[in-house]
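Residue numbering restarts at 1 for every chain, and letters A, B, ... go by the order of the sequence lines.
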Amino acid sequence: MAKNLLIVESPAKAKTIEGYLGKDFTVKSSYGHIRDLIKSEDAIDINNNFSQKYEVPADKKQVVSELKKLAKEADFVWLASDEDREGEAISWHLYDTLSLKEVNTRRIVFHEITKPAILRAIENPRKIDYNLVNAQQARRVLDRLVGFELSPVLWKKVKPSLSAGRVQSVAVRLIVDREREINKFQSEAAYKITAIFDKGKNSFKADLAERFSKQEDAEKFLQDCIKAIFEIRSLETKPAKRSPAAPFTTSTLQQEASRKLGFSVSRTMTVAQKLYEAGNITYMRTDSVNLSDTAIDAARAEIVTAYGDKYYQKRTYKTKSAGAQEAHEAIRPTYFDKHTIEGDSSEKRLYELIWKRAIASQMSEAQFEKTVAKISISTRKEELTANGEVMKFDGFLKVYLESADDDDEDDNNSLDNDNAILPPLSKGQLLDLQEMTAVQRFSRPPARYTEASLVKKLEELGIGRPSTYAPTISTIQNRGYVVKEEREGKQRAYEVLTLSNSNITRETKTETTGAERGKLSPTDIGAVVNDFLVQYFNGIVDFHFTANVEKEFDEIAQGLKDWTEMIRTFYAPFHKDVESTIQTADKATGERELGVHPENGKKVSVRIGRYGPFVQVGESNTDNENEEKPLYASLRTGQSIETITLEEALELFKLPKAVGEFEGKVMKVAIGRFGPYISHNGAFVSLPKEIDPLDVTEEQAIELINAKRKKDAEKLIKTFDEDPTVKVLNGRWGPYIEFGKQNVKIPKDKDPASLTFEECKALADAAEKAPKKSGRKFAKKK
DNA sequence: CAGTGAGCGAGCTTCCGCTTGACTT
């Protein structure tokens, strides 16, 4: 039996370290935290210095008992969890739960998984740092108190099962605020002037910094240019340079994989996890941009061999994010000489991205020569500007260029042609105008957040951690606060004036604007919950709340502050707010009056109900028995109680409507949870997007029903005489049986075409009896 | 899933941060 037990957080790390340490060491993993606060409300005793009740969750029992057994047999136990607040707490929980003794327990830390770093750590053991543990307890207790006191307020005042927390509620707030900025935004149009000078390969572009908001001013400008003389008044050339970006952290990896590979934040993490477990990259949940010395050496060797000395530039990076705890290295390839890896295409692509970014981070800067030519116009006081850029040395750009977010590229400034190459020019040179255009451009509203740009923002605010960015984004979507949507763009007309051959022509063109994919927008419930929290708990959803408490956690970690004192100071007023809100606040429904019905003069209003947002026509609580009951209609997907108009709301009452008959049964069009559909004789057919549910014709409906039947028939493998509702079908994941409301997968060793009814029944019964594994948390209510 | 919205009340929901699989009609 090994004399030493060393415990780290991650099993992949354990494997690597075991290789470095030889047979005197058994290296095991705790799989993260092994204990947590008990689930019930009495986990924290408010009246007894916030003392906590912990338990080992069911899925950690096995890990703990194995570690306990090994710890008993070992001479020394080395606690090697990460060197940050959470890691220190993990060590303490291990110490406590495994009943370790101080004499044979060692706490060690390292920031990189390299042999020298591990050996150095083993030579420098220390004791558990209880200040750091206390800081973690403060963090844990604060989050529990906030989450478990705020959420029930929402259950009472908004809707059951909702949630609020220090991190998620701010994430939702960012998205709600952004949506309102967009709704409020008034687009302004202005004419942008661009000129093309000279011919053939000498031709180049120049533009005007000023824009004209009135068409007649733009036209006047072009008019003035017909007879003008264009002369280069000044010519300035200066060197410019560009430096590589730091190697990836979790957040920057998520952003770049989203922009360059189109990965969602959670997909990036799943793929990165595979790369990590296969030993191809370092740990993927990190806030550090630091590379180990061995990594820098390996990168240098790689760069010098592949590109030569002058491409190498040793660089060290400093983190910019406020809350960084830097327990790990930056994300980098384990071996820089491994250019490609085994794996599926997403693993290969993500690895390539990581490899390039890490390599580029140790390369020399790219050098440019920037030229700015100012061109005077004899008939006007304004000047045109031509920008040119020539790359003198590519440097790091040989391997990697960081891309920018949508909202970074700004077509409102006049520098969007600064990558162009200018022909040889000289001061005083006269230019020959080929063409000049005045194009109507519109100012753009702020961009909606993508998952990745939300992560970026949260990181800037110091909210959330590398391990929680992806889960937080899932949470706010699962709670129904936020949706990720595709938005179709709208057509917009714009004017183009062209001056060519001393002649000005005018043309109206159209462009698509506002088309978006994968952007986050708030739901009505998200907005109502947000407004409620902002009104009654502004301190908690304040963007700086986390940053402020983090400062206090740091003081606790340094031993300068008592953690119970900090929590007490926070909790007293917070709890008072909770109590008074429960007492005084009205139920939040987001109710908004749209006006009165044009025909019967009844009040039309929208609000959130048990089943989501809806319109109501007429008063609900009438004292008069004789008065008619109000009418209700649900809003459609994409509509919001905040922006819906009276006209749109009244449209909703036109459905469901009968569109005709088919095979002696009525066909009805209605809007369901998944969009507009036709119902006919107990069957349902979704309407394609391009058909407006309000003007579906009888012919269209019949056609759609027949198309659906045909498609279903293609999926069908067989049916049975015993029970025609039981079907064997070909699905997206292979063949399955539809047995009543149950879908049962057919095992690979069975041929779907030759299944008998009895076999199907047996498979369905077996699936029914099989214990429902709780992978998903969407427990269906009866 | 497939057009619901009264009011009452039992019993449920909920946080953030460490980890990895199990899961997907």
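- Checking the phosphate oxygens (OP1, OP2) of B:dT19, no side-chain nitrogen or oxygen of A:Ser10 falls inside 4.0 Å.
- Within 3.5 Å, a donor on the side chain of A:Ser634 pairs with an acceptor on the base of B:dT4, or the reverse.
- With B:dC16, B:dC18, B:dC15 as the choices, the nucleotide that has an atom nearest any side-chain atom of A:Glu9 turns out to be B:dC18.
- With sequence neighbours left out, A:Arg35 forms a salt bridge (charged side-chain N to carboxylate O under 4.0 Å, His left out) with A:Asp96.
- Between A:Arg144 and B:dT14 there is no side-chain polar atom (N or O) within less than 4.0 angstrom of OP1 or OP2.
- In this model, no side-chain donor or acceptor of A:Arg285 finds a partner on the base of B:dC18 within 3.5 Å.
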Go ahead and write out DNA chain B as dot-bracket, 5' to 3': ( ) for pairs within the strand, [ ] for ones crossing earlier pairs, | when the partner sits on another strand, dots for unpaired; Watson-Crick or G-U wobble, both distances under 3.5 Å. .........................
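- With its ring centre under 5.5 Å from that of the base six-membered ring and a plane angle below 30°, A:Trp155 counts as stacked on B:dT13.
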side-chain contact (heavy atoms from CB on, under 4.5 Å), that's the test. Do A:Arg479 and A:Ser161 meet it? Break it down for me. CA-CA 8 Å; A:Arg479 294 270 175 276; A:Ser161 301; over 6 Å; no
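- Ring geometry for A:Phe570 against A:Phe545 counts as tilted: the plane angle lies between 30° and 60°, on a 0 to 90° scale.
- When each of A:Asp36 and A:Lys668 is assigned the nucleotide of DNA chain B bearing its nearest heavy atom, the one mapping closer to the 5' terminus is A:Lys668.
- Below 30°, between 30° and 60°, or above 60°: for A:Trp563 and A:Phe50 the angle between ring planes is between 30° and 60°, a tilted geometry.
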Which is it for A:Leu687 and A:Ile678 under the side-chain contact (heavy atoms from CB on, under 4.5 Å) test, yes or no, and what are the steps along the way? CA-CA 7 Å; A:Leu687 270 184; A:Ile678 302 168; 3.9 Å; yes
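- Evaluation of atom-type donor-acceptor distances gives a pair under 3.5 Å for the side chain of A:Tyr677 against the base of B:dG3.
- In the model, A:Asp287 has no side-chain atom that pairs as donor or acceptor with a side-chain atom of A:Thr249 under 3.5 Å.
- By the 4.0 Å N-to-carboxylate-O rule, A:Arg107 lies close enough to A:Glu88 to be salt-bridged with it.
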Donor-acceptor pairs under 3.5 Å, side chain of residues 60-68 of chain A to any protein atom, not counting sequence neighbours: which ones?
residue: A:Lys60; atom: NZ; partner: A:Tyr31; partner atom: O; Å: 3.0
residue: A:Lys60; atom: NZ; partner: A:His33; partner atom: O; Å: 2.8
residue: A:Ser65; atom: OG; partner: A:Gln62; partner atom: O; Å: 3.1

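- A salt bridge (charged side-chain N to carboxylate O under 4.0 Å, His left out) check over residues 5-18 of chain A, counting only residues at least two apart or in different chains, returns the pairs A:Lys13-A:Asp82.
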Just the atom pairs and distances: protein N or O near nucleotides 7-9 of chain B's N or O, under 3.5 Å.
none

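- Residue ring and nucleobase are not stacked for A:Tyr611 and B:dG5 under a centre distance beneath 5.5 angstrom and an angle between planes beneath 30°.
- Side-chain N/O atoms of A:Arg139 and base N/O atoms of B:dC16 include a donor-acceptor pair closer than 3.5 Å.
- Here the nucleotide nearest the side chain of A:Pro160, chosen from B:dT13, B:dG5, B:dC18, is B:dT13.
- A stacking contact between A:Tyr31 and B:dC18 is absent: the pair does not combine a ring-centre distance of less than 5.5 Å to the base's six-membered ring with planes differing by less than 30°.
- Using a 4.0 Å cut-off between charged side-chain N and carboxylate O, A:Glu550 and A:Arg85 make a salt bridge.
- For the segment residues 162-169 of chain A, the set of residues with a heavy atom within less than 4.0 Å of an atom of DNA chain B comprises A:Leu162, A:Ser163, A:Ala164, A:Gly165, A:Arg166, A:Val167, A:Gln168, in numerical order.
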